[in-house]
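Each remark here refers to the structure printed beneath this line.
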2 protein chains.
Amino acid sequence: MRVDNAIVEKRVNDFIKRSKELGIKITPQRVAIYRELANTDEHPSAEAIYKKIKNYYPNISLTTIYRTLETFEKLGLVSVVNILYNAARYDANLEPHHHMVCVECKKVEDFYDESLSKLDFSQKTLSRYKVLGYTVQLNGICKDCQSKS
Amino acid sequence: MRVDNAIVEKRVNDFIKRSKELGIKITPQRVAIYRELANTDEHPSAEAIYKKIKNYYPNISLTTIYRTLETFEKLGLVSVVNILYNAARYDANLEPHHHMVCVECKKVEDFYDESLSKLDFSQKTLSRYKVLGYTVQLNGICKDCQSKS
DNA sequence: CCTATAGATGGTAATTATTACCATATAATA
DNA sequence: TATTATATGGTAATAATTACCATCTATAGG
């Protein structure tokens, strides 16, 4: 529980208010799942959330976790850090370049942008990791998917 | 086959030379897999590569595709676009922020960097996608994993 | 060019992450 | 408090990935 308690409570209250506005039911499971996400900055998986909640809510179902996270995501209450989690995607192009990901069809297109080739990270950032590289991931909707909808 | 043929052939030749240097065997399967990756910029999954190769190499095994891609990746011959493909990872923090990913333990830590908050993308880039947002993903090795190895 | 063998492949089974289904339970509304 | 649309739990199905093992082959050495 790294996130400050006051912040967590604020987030949970906002979540409840927002849920009412959106017209979805506020169940103990949903609050538990949201709270678990709000009080960490570790970007947990469904499984990780499940394990934590199981400690104090032993008969919660893993299916509920998955379904709830999907619901939250669709409503914009939480976000998926890794859109491309479905399957590993490979690239033979080892030159530094960046990616545009279509959030609909999961297509990945390369883009090159001089101004992104040497971003400055703060010393504080650099001190925390042995940096191997970085990419800018641009999320959006591709031409094809734009014309479909 | 969007990538220019001459470039593909150069990549394949480099791949063969590099494989010899690395002391791994050059099998028709490996060449096929590498070539399939070298001649596209679509960042295919193992399954997608399998389907393509199956057309002209009908008894290749899906296991071989997975194993080979893993081998290539470990040797630095190809790269995985999406390190975090293992499982969906969620975040309740909807403020724009960036991620440091540990390539060893798959931990994701947030970082904030003023200079990254308003990157300029070229008009060419912006014309291709309806941009929803972007994140900078910094790949590296976290403190914990550094001390382990 | 042949041979031996370490390393690679193919096929199948096991594991892990996710989704589908359906009977039951419950939050929210009147 | 009763009604009902929605949510949950449990189990089964699917998809992606990995493990295992018997067989095959690229390659180094004669």
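Every chain is numbered from 1, with letters handed out A, B, ... down the list of sequences. Note that this is a predicted model, so its numbers are computed, not measured.
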Next item on the list: Grab the CG-C1' distance between B/Leu69 and C/dT9 for me, whole Å please.
Entry: 14 Å
Notebook entry, point to check: To the nearest 10 degrees, how far apart in direction are the end axes of the helix from C/dC1-D/dG30 to C/dA30-D/dT1, each fit to five base pairs?
Noted result: 40°
Margin query: Can you confirm whether the side chains of A/Gln29 and A/Tyr57 place a donor and an acceptor under 3.5 Å from each other?
Written below: yes
Margin query: Assigning hydrophobic clusters by single linkage (Ile, Leu, Val, Met, Phe, Trp, Tyr; side-chain heavy-atom cutoff under 4.5 Å), is B/Leu75 placed with B/Val31?
Written below: yes
Notebook entry, point to check: Rounded to the nearest 0.5 Å, how far does CD1 of B/Ile49 lie from OH of B/Tyr34?
Noted result: 12.0 Å
Next item on the list: Using a 4.0 Å heavy-atom cut-off, write out nucleotides 7-18 of chain D from 5' to 3' as B (base contacted by protein), S (sugar-phosphate only) or - (no contact).
Entry: SBBBB----SBB
Next item on the list: Find the distance B/Ile65:CD1 to C/dA8:C1' and express it as a whole number of Å.
Entry: 13 Å
Check: Who pairs with B/Tyr112 by ring-ring contact (aromatic ring centres under 6.0 Å, His included), at least two apart in sequence or on another chain?
Finding: B/His97
Note to self: According to salt bridge (Lys or Arg N to Asp or Glu O under 4.0 Å), who are the partners of B/Lys107, at least two apart in sequence or on a separate chain?
What the structure shows: B/Asp144
Checklist line | Interatomic distance, B/Lys20 NZ vs D/dA28 P [rounded to whole Å] | finding: 9 Å
Item checked: Members sharing A/Leu138's hydrophobic cluster (side chains within less than 4.5 Å) -> A/Met100, A/Phe111, A/Leu116, A/Leu119, A/Phe121, A/Leu126, A/Tyr129, A/Val131, A/Tyr134, A/Val136, B/Met100, B/Phe111, B/Leu116, B/Leu119, B/Phe121, B/Leu126, B/Tyr129, B/Val131, B/Tyr134, B/Val136, B/Leu138
Tabulate below the donor-acceptor pairs under 3.5 Å that side-chain atoms of residues 19-28 of chain B make, not counting sequence neighbours, or state none.
residue	atom	partner	partner atom	Å
B/Ser19	OG	B/Phe15	O	2.8
B/Glu21	OE1	B/Arg18	NH1	2.8
B/Thr27	OG1	B/Arg30	N	3.1

Check: Should we say atom NZ of A/Lys54 is surrounded by more than 12 heavy atoms from elsewhere, each under 6.0 Å from it?
Finding: yes
